[in-house]
Amino acid sequence: MTIRLAAPLQSDSVVDGFGVRTVIWTQGCSHNCPFCQNPQTHDFTGGAEFTVQEICEELKNLQNQDGITLSGGDPLYQIEPVLEIVKFAKSINLNVWCYTGFTYEQVLEMSKKNPLYREFLDYIDVLVDGLFINDLKDLNLLFRGSSNQRLIDVPKTLKENKIVLIPESDGIMETFKKKEKTYI
Ligand code: SF4
């Protein structure tokens, strides 16, 4: 199985979720958010293809990383290989964040036709969901670009069957607030 990526894995990021993380930049997105900062990741034939095995080997050899972050592009357009990668990441105790232009509710809807989307949620710690909306852009937001996007605590959301957000008042969150990042 292969996955199309926009760039090689990027280790040691501190702006794509809590802690020190390796970012997987997936290639391909058709959401077309105006003012998207990564338009080069939209073309579904762009980037380069890697085998899932290659990616998992790289993950296995990572040093001093707290987790992985799937970004893009939109990782959910490649759900089959993405699911294999997040399963492997969890099996070696990496926590998993995922950015997507789809909302959590849309992912649940998509899972009615393709159960892989629901299975995928079982391996996600935080889903940063929703389109980038330039009118709602706010540089003070934590780990996201516009205020419609949510930092969803997926395990708690699944358990409680209602959206549970990561609490932004936690002290640890404050330390990240001044850092800037390029959002999907
Ligand atoms: S902001 Fe994200 S979801 Fe929107 S077009 Fe760009 S890559 Fe796609």
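Treat the numbers as computed from the prediction; the structure is a model and nothing was measured. When a ligand or atom number is given, it counts from 1 through the structure's own listing order.
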Novice: In ligand 1, which numbered atoms sit nearer than 4.0 Å to a non-hydrogen atom of F132?
Specialist: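 That gives atoms 1 (S) of ligand 1.
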Novice: Test your reading of the model: is there a side-chain donor-acceptor pair from R150 to the backbone of D129, 3.5 Å cut-off?
Specialist: no
Novice: Heavy atoms only, cut-off 4.0 Å: how does C29 contact ligand 1, side chain, backbone, both, or neither?
Specialist: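 Side chain only; the backbone of C29 stays clear of ligand 1.
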Novice: Is a donor on one side and an acceptor on the other found under 3.5 Å between the side chain of Q106 and the backbone of T103?
Specialist: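 Looks like yes, one N/O pair under 3.5 Å.
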Novice: Assess H42 for proximity to ligand 1: is some non-hydrogen atom of it under 4.0 Å away?
Specialist: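 Contact present.
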Novice: Against ligand 1, does N38 come closer than 4.0 Å with any heavy atom?
Specialist: no
Novice: Determine yes or no for a side-chain-to-main-chain donor-acceptor pair under 3.5 angstrom, with Q149 supplying the side chain and S146 the backbone.
Specialist: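 Checked: pair present.
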Novice: With distance as the sole test, does Q78 use its side chain to make a donor-acceptor pair with the main-chain N or O of T26 at under 3.5 Å?
Specialist: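 No; zero donor-acceptor contacts below 3.5 Å.
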Novice: Side chain, backbone, both or neither: which part of T100 has a heavy atom under 4.0 Å from ligand 1?
Specialist: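 For T100, no heavy atom sits under 4.0 Å from ligand 1.
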Novice: Are Y99 and L136 grouped together when hydrophobic residues (ILVMFWY) are joined by side-chain heavy atoms under 4.5 angstrom apart?
Specialist: no
Novice: Is there a ring-ring contact (aromatic ring centres under 6.0 Å, His included) between F44 and Y77 once you walk through the steps?
Specialist: CA-CA 9 Å; F44 286 92; Y77 287 112; 5.2 Å; yes
Novice: Find all atoms of ligand 1 within a distance of less than 4.0 Å from any non-hydrogen atom belonging to G73, and give their numbers and elements.
Specialist: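 In order of number, 7 (S).
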Novice: What are the atoms of ligand 1, with element, lying closer than 4.0 Å to any heavy atom of H31?
Specialist: 3 (S)
